[in-house]
Structures are given as C-alpha cells and as structure tokens.
Amino acid sequence: MSLVDIKSMSHSALSEYICSLGFPKFRADQIYSWLHQKGVTSFSQMTNLPKNMIDKLSSICYISVANIEKKLVSSYDNTIKYLFSLSDGEYVEAVVMEYHHGYSMCISTQVGCKMGCTFCATGKGGFIRNLNASEMLSQIHTAQSDLGIRISNIVLMGMGEPLDNFTNVVDFLRLATDEKGLSVGARHITLSTCGLVPRIFDLADLHIPVNLALSLHAPTDDIRSKTMPVNKKYPIDEVLKACKYYADTTGRRITYEYAMIHGFNDSDECAFLLAKKLKGTLCHVNLIPVNPVEGTGYNPSKDKRLASFVGVLSKYNINATVRRTLGSDINASCGQLRGKNLKDKGGV
Ligand code: SAH
Ligand code: SF4
C-alpha cells in the first residue's frame, strides 16, 4: 500500500481524511498547523496529538522532506543556495535571497525539465519527475527552520517548468497562500514560464493573482526557436496574446525575462524589435546577462551592450532593468549545482 502524501492536502481535504479515519475534525486543524505553519518533518513532533493517532498516521501517511545535502553561502551578497535531497534520493536546488523588504526564495517545481532550452543547465540534464505540492513547500520549510527566518516572497524559478506540472503547482499556490499555512500573498509570488500557452490561460482563469514572468529571451521566432524548442509549438505572438489575457484577467503586470547572450540576441536591432513586440503592453523587461553554463558556448553581453539595449527600449517607453545574477560565485543559476553534484558522484 502506498503512503498518503498528507502535506499536499488542502485544509478541507485533510479534515475529510481525518474524519474518515474516525478522528474528530479539530485534529485536522492541529495537524495542518504542524505541517504548514511549523513545518515539522515527523508525526512524533505533533506533541498535542494522542499516541494512537501518531501511530496510525505514521503507518499510513508520510510527510515529504527536503533535506539539506549542500548549502553554499555567497561571499558577494547574502545569497544562500541549497541542494536538497528528496525522499527518493533525487536532488533539487533552491536559493534564498535577502532584500530590504524581507527574504525571497526561488524554489524548484520539477526534478529536471523537458523543455530543453539550450542555455539552461537544468534543460541539459533532461527530465526526471514532477515535484508534489508538499515537496515545493518543504523546500521553504527547511530553509525557514535552517535560517530562523520567514520567507515573504516566493519565486517559482528554480529547476523545472512550473506550468508543465500544473496541478501540483496550483495545489502548492493554494497551500502557500492559505492564511492557515505559509500565508504568503499571491502578490508576493512569481511564477516563471517558458510559455506553455494553454496553461497560461488556465492559470489566469483560476484567479490566483500571482505575478507572471515570461522567459522571452528573443524578439523574433527565428532567434527564439534557436535556443527554446518550445517556441516551435507556441510562437511569440501566441505567447504574448496569452500574457495579455493573463494581465487583463488578473490586473498583474507581466515581467519578460531576457537573458542577454553576447552576439546572439543583444543587438540594438533586437532591442528595437523587442520594443515593437511589447508596445502598448503593461510590462517590465528584466535583462539578465546569461550565466555561462559549461558546454553551451554562450557568453554574457558586455556592460556597454546592456546599456545600449536598455537605451533603445526606454526610447520606446519600455521599462527595463538589468538584473545582475546573484551569488554568481556559488553557481546560483539553477541546475548547475545539481549537475555538478551528480558529476562528482559519477552521474551525468
Ligand atoms: N522553466 C521556467 C522557470 C525556471 S528557469 C522558465 O523557463 O521560465 C528560470 C529562469 O532562468 C528562466 O527565465 C530561464 O530562462 C532562466 N535561465 C536558465 N538558464 C539561464 C542561464 N544560463 N542564464 C540566465 N538565465 C537562465
Ligand atoms: Fe526548463 Fe526553464 Fe530551463 Fe527552459 S529555462 S529548460 S523551461 S527550466
């Protein structure tokens, strides 16, 4: 018999489940609070439950974990990178960043990724499996208790394509925003996607107003298809239409991520074409000098090029900022640490 993933259950599903086992409903409130507010990792830590209940739950349920396999602290900034091991021994990465307004955490949604973007360390490693909602939450709980802090902002920008793990990610969003749980407001959560068009519409229709970041990285289909295979299925104009629907439905401004690759997508002509594409939309462009990943041959654009690109965009009233990669000394770009760990252990 397979064990029940109790931490992925909504509050109402948990109440029903606990009652179906013959226990009173208020026990579900206690368990939910242990799991989601205190982030405990075993039933024996639930000290206000009777022993027979702890024994019963331990025999039929499990509490998912994200154990710290490696922890790297950047010497440039306060960025902390974790490599977590999951219950089946798979690894995922996450990053905690300190900002003036609190702590932000970038978590993974899949082990690996199917999308195959050529600049991405995760994409290069292929796909292993989806994470459950509980495994996404556990990354946050482990970091919170390790650092003694509260995470106030969440970004789904670690390993994996969140919209390719739609149901679990939506469950996670519902649990993370629940006032009886982590209670992080939807406005403090950002989901980044490579552009799975039908799922962007689906997410908009759920009215969980998280911020949407679209990994655009190119102004034309020609250029985008060279690095992002997903573009062949969902070309730029279709993705932008979906983003417009998302913005109109949720009232949230879209962020466009644009990795600046030296000599590939960073010319003034590219900036002009990008401005033309985004004209009239409520958006923000995040320019990120590409993080060089072994074997890709891509190099980050030079500072002068970045400044010129921003200049062209601002001439056409497109808001843009250059985002420096945080923690560049600790392989903070997701996928790099897991890849390195597997290599050290004789894997990929
Ligand atoms: N799959 C989702 C979210 C995870 S990737 C997505 O693609 O949006 C998070 C972000 O990191 C994306 O914007 C992705 O394009 C970017 N990224 C991946 N590899 C990178 C690299 N080597 N340098 C800079 N950005 C990179
Ligand atoms: Fe997957 Fe995102 Fe990496 Fe592309 S950039 S391979 S979608 S994780």
Side-chain angles (χ1 to χ4, degrees), residues 81 92-95 97 104-131 136 139 154-166 168-169 172 189-197 199-200 203 210-218 223-234 236 239 242-243 246 254-262 264-266 284-301 306 321-328 330-340:
K81 175 142 194 175
V92 289
E93 302 179 12
V95 179
M97 295 147 284
S104 177
M105 185 164 185
C106 172
I107 61 162
S108 293
T109 55
Q110 296 180 317
V111 184
C113 183
K114 290 178 207 154
M115 301 300 146
C117 305
T118 55
F119 46 77
C120 174
T122 305
K124 276 179 58 176
F127 175 74
I128 311 272
R129 70 168 175 88
N130 283 329
L131 295 195
M136 297 174 218
Q139 297 171 56
I154 302 169
V155 261
L156 304 186
M157 231 188 230
M159 293 167 57
E161 167 48 49
L163 297 186
D164 184 42
N165 183 13
F166 192 80
N168 291 340
V169 163
F172 164 80
I189 301 179
T190 300
L191 184 152
S192 176
T193 178
C194 64
L196 301 183
V197 168
R199 298 289 88 74
I200 294 175
L203 187 68
V210 295
N211 302 302
L212 189 70
L214 181 89
S215 299
L216 191 55
H217 304 320
I223 304 177
R224 193 167 189 255
S225 294
K226 286 196 176 104
T227 54
M228 300 183 70
V230 69
N231 194 68
K232 291 178 193 135
K233 190 154 182 198
Y234 303 117
I236 295 181
V239 179
C243 287
Y246 191 88
I254 307 288
T255 300
Y256 293 99
E257 305 285 330
Y258 197 104
M260 294 283 283
I261 304 175
H262 172 74
F264 176 72
N265 63 354
D266 63 350
H284 184 87
V285 176
N286 246 335
L287 300 170
I288 313 126
V290 78
N291 207 329
V293 169
E294 217 182 297
T296 60
Y298 298 128
N299 291 306
S301 305
L306 287 160
T321 43
V322 175
R323 196 181 73 201
R324 295 277 149 208
T325 344
L326 290 165
S328 48
I330 54 170
N331 285 333
S333 222
C334 270
Q336 289 181 292
L337 192 59
R338 172 176 171 268
K340 189 177 175 312

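In each ligand, atom 1 is the first atom listed, and ligand 1 is the first ligand listed. Since we're looking at a predicted model, the values are computed, not measured.
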>> Side chains of S215 and Y258 only: does a donor on one sit below 3.5 Å from an acceptor on the other?
In response: no
>> I need the nearest protein heavy-atom contact for atom 2 (Fe) of ligand 2: residue, atom name and distance, please.
In response: G160 O, 4.5 Å
> Can you find a non-hydrogen atom of G158 under 4.0 Å from ligand 1?
Replying inline: yes
> Would S215 count as a contact of ligand 2 if the rule is a heavy atom under 4.0 Å away?
Replying inline: no
> Within a strict 4.5 Å, meaning less than it, do heavy atoms of the N291 and Y298 side chains meet?
Replying inline: no
> Does the N130 side chain pair with the main chain of Q110, one donor and one acceptor, at a distance under 3.5 Å?
Replying inline: no
> Can K114 and E161 be said to form a salt bridge (charged side-chain N to carboxylate O under 4.0 Å, His left out), step by step?
Replying inline: CA-CA 8 Å; K114 290 178 207 154; E161 167 48 49; over 6 Å; no
> Among L191, L163, T190, V210, whose side chain to side chain contact (heavy atoms under 4.5 Å, CB included) with L156 holds?
Replying inline: L191
> Would you say L306 and M260 make side-chain contact, with heavy atoms under 4.5 Å?
Replying inline: yes
>> For atom 16 (C) of ligand 1, which of the options M157, R323, H217 provides the nearest non-hydrogen atom?
In response: H217
> What pair of heavy atoms forms the shortest contact from V230 to G195, and how long is it?
Replying inline: CG2-O, 4.4 Å
>> Can you report which non-hydrogen protein atom sits closest to atom 4 (Fe) of ligand 2, along with the distance?
In response: C117 SG, 2.3 Å
>> I want to know if ligand 1 touches V290 in the polar sense, i.e. an N/O pair below 3.5 angstrom.
In response: no
> Is it the side chain (CB and beyond), the backbone, both or neither of V293 that lies under 4.0 Å from ligand 1, heavy atoms counted?
Replying inline: side chain
>> Contact between T296 and T118 at the side-chain level, heavy atoms closer than 4.5 Å - yes or no?
In response: no
> If only atom types and distance count, is the side chain of S108 paired as donor or acceptor with the main-chain N or O of M159 below 3.5 Å?
Replying inline: yes
> With atoms numbered from 1 as shown, which atoms in ligand 2 lie under 4.0 angstrom from a non-hydrogen atom of G123?
Replying inline: 6 (S)
> Which ligand 1 atoms does N291 reach within 4.0 Å, using its non-hydrogen atoms?
Replying inline: 21 (C), 22 (N), 23 (N), 24 (C)
> Can the ring centres of F119 and H217 be said to be less than 6.0 Å apart?
Replying inline: yes
> Which atoms of ligand 2 sit under 4.0 Å from any heavy atom of M115?
Replying inline: 1 (Fe), 7 (S)
>> Checking side chain to side chain contact (heavy atoms under 4.5 Å, CB included) between M136 and each of V92, N165, I154, which is the one that passes?
In response: N165
>> Using a 4.0 Å cut-off to any heavy atom of E257, which atoms of ligand 1 qualify?
In response: 13 (O)
>> For atom 3 (Fe) of ligand 2, what's the nearest protein heavy-atom neighbour? Residue, atom name and distance, please.
In response: C120 SG, 2.4 Å
> Between C113 and ligand 2, which part of the residue brings a heavy atom under 4.0 Å of the ligand: side chain, backbone, both or neither?
Replying inline: side chain
> Using a heavy-atom cut-off of under 4.0 Å, does the side chain or the backbone of T122 touch ligand 1, or both, or neither?
Replying inline: neither
> What are the atoms of ligand 2, with element, lying closer than 4.0 Å to any heavy atom of C194?
Replying inline: 7 (S)
> Does at least one non-hydrogen atom of G160 fall below 4.0 angstrom from an atom of ligand 1?
Replying inline: yes
> How does M159 reach ligand 1, by side chain, by backbone, by both or by neither, if only non-hydrogen atoms under 4.0 Å count?
Replying inline: neither
